[in-house]
Protein chains: 2
Amino acid sequence: MITKTIREQITEQIRDELMDGRFTVGQPLREADLAKRFGVSRGPIRDAFLQLSQEGFLAYEANRGVTVQTPPPDENRELIVSLRRQIECFVIVQGWRKLAGDEFHRIAAALSELHEACDAGRVAAVARCDIGLHQQILVTYGGASLLPVWKWLCSQMMLTYTRLDDYADVFEEHVRIVEAIQHGDQARAIEAIEANIK
Amino acid sequence: MITKTIREQITEQIRDELMDGRFTVGQPLREADLAKRFGVSRGPIRDAFLQLSQEGFLAYEANRGVTVQTPPPDENRELIVSLRRQIECFVIVQGWRKLAGDEFHRIAAALSELHEACDAGRVAAVARCDIGLHQQILVTYGGASLLPVWKWLCSQMMLTYTRLDDYADVFEEHVRIVEAIQHGDQARAIEAIEANIK
DNA sequence: CGGCAATAGATTGTCAACAATTAACGATGC
DNA sequence: GCATCGTTAATTGTTGACAATCTATTGCCG
């Protein structure tokens with residue numbers, strides 16, 4: 001198994017369902033309900049709620065539990081997109097180099113996962129693989145140092161992920177990014193990334 | 001009491017001590033140790049560790065506990081500072097208006113707290129009040145929507161908070177910010193904020 | 001002597017019971 | 001009728017015990 005602790009598995013699952021829009025905005029999530037559904041105690045659920053609150057998916061209030069986070073107001077969205085773009089481009093420029101074989105292989109694998117998800121057409125899977133590919137690139141060039149902010153920004157964008165109607169386009173945009181990386185063409189890589197993050 | 005749950009109190013306390021540099025980088029923190037020191041069970045300590053890991057102060061590894069986070073590499077620091085600056089300026093511009101009496105009063109109160117802390121000369125207190133004032137401004141003009149990213153960026157900057165040798169300067173820079181806000185001079189406010197965030 | 005497996009100790013992960021807090025409801029007095 | 005105060009049910013917060021996992025040590029075998 002890739003993720004080890006129950007907490008991590010639960011966190012992922014709930015995050016997926018949130019991206020999938022399976023809960024409505026503002027809806028309260030009860031620890032006991034999910035504990036029962038997953039067949040575990042409230043402990044890991046609590047931890048997952050805490051973490052997802054930090055990530056920006058849930059809103060936490062002391063002694064009152066969590067509710068599904070309201071998407072950021074439109075005027076903030078523009079800033080959020082811009083910040084994420086800056087991080088990804090910064091990392092590419094800063095860490096630019098010829099990738100080792102296995103490094104590029106991991107990116108290619110992420111792209112292939114995205115391909116499958118786009119074919120299958122499941123929203124949550126596409127979103128997760130989309131983010132997953134970007135994360136792989138980010139980590140490869142820039143390490144894990146900026147990951148938390150970046151993830152938060154992504155989660156905020158995910159709360160209003162409106163562009164999932166055309167999966168072929170989504171995939172094609174990422175092919176451009178990966179090809180540019182493969183050919184060592186930095187300028188084209190940045191161009192492709194800037195075009196993709198919106 | 002301001003903060004209610006034990007978890008929140010513990011989180012704040014540990015965060016303060018981390019900012020204060022009371023632990024060395026890379027040092028592991030044991031749940032049992034801190035639980036004993038605070039006279040509580042491991043539960044809230046765990047939660048605090050989880051949260052502080054998300055905030056970027058600690059590094060978490062499954063089944064291995066947490067260690068004090070390594071400060072971000074210098075090349076990232078520049079980006080982090082820039083992102084924080086963008087957020088604060090964006091919010092000021094976006095939400096600029098004449099503040100209501102109590103709104104400005106809260107900012108003034110934060111400034112006065114910073115004054116006390118600078119006089120007392122305690123590093124952690126100065127850092128906390130510094131951040132506290134900025135947070136008050138951020139929330140007043142832009143709401144809580146961008147708070148989490150902003151906090152993360154701040155925490156990363158705090159890991160290398162090197163400019164605490166001259167408290168008078170720190171205070172003076174913030175006086176300029178607050179005065180500009182008070183006089184409704186947006187351009188000067190932004191200028192003062194950009195000069196302060198570095 | 002060096003490498004490897006079994007083992008013991010330390011540490012984190014999970015659980016279920018209990019305590020504290022909150023919110024809704026209804027009784028009571030004005 | 002209206003506000004206020006207990007009361008109660010639902011929910012989160014905390015705890016201590018137990019299980020799972022990792023680390024270091026020790027003893028064994030080649």
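Computed from heavy atoms alone, side chains included, the values below leave out hydrogens, waters and symmetry copies. Convention: sequence-line order gives letters A, B, ...; per-chain numbering from 1. Values in this document were obtained by computation on a predicted structure and should not be read as measured data.
Taking every nucleotide of DNA chain C with any atom under 4.0 Å from a non-hydrogen atom of chain B, the first and last of them, 5' to 3', are C:dT11 to C:dT22.
Using a 4.0 Å cutoff on non-hydrogen atoms, the parts of residues 40-59 of chain B near DNA chain D are B:V40, B:S41, B:G43, B:P44, ordered by number.
Atom pair B:R7:CZ and D:dT14:C1' shows a separation of 12 Å (rounding to whole Å applied). Distance, A:L34 CG to D:dT11 P: 12 Å, rounded to whole Å. Nucleotide D:dA10 holds its P atom 19 Å from the CG atom of A:L29, rounded to whole Å. Regarding B:I10, its CD1 atom lies at a distance of 13 Å from the C1' atom of D:dT15, rounded to whole Å. In this structure, A:E61 places its CD atom 12 Å from C1' of D:dT12, rounding to the nearest Å.
Formation of a donor-acceptor pair under 3.5 Å by the A:Q156 side chain with backbone atoms of A:G56 is found in this model. Remark: side-chain polar atoms of B:H174 are paired, donor with acceptor, to backbone N or O of B:V170 under 3.5 angstrom. The backbone N or O of A:E55 lies less than 3.5 Å from a partner atom in the side chain of A:S155, making a donor-acceptor pair.
Side-chain contact annotation: A:Q13 with A:E17, donor-acceptor N/O pair under 3.5 Å present. Residues A:E88 and A:W150 bring a donor and an acceptor atom of their side chains to less than 3.5 Å of each other.
The 5' end of DNA chain C is approached more closely, in terms of each residue's nearest nucleotide, by A:I6 than by the other of A:A62 and A:I6. Comparing B:G65 and A:G39 by the nucleotide of DNA chain C that holds the closest heavy atom to each, the one mapping nearer the 5' end is B:G65.
For A:E78, the CD atom is loosely surrounded, since the number of other residues' heavy atoms within 6.0 Å does not exceed 12.
A salt bridge between B:D16 and B:R22 is absent, with no side-chain N of the basic residue lying under 4.0 Å from a carboxylate O of the acidic one. Residues B:R85 and B:E194 are not paired through a salt bridge, judged by the lack of any N-O separation under 4.0 Å between the basic side chain and the carboxylate.
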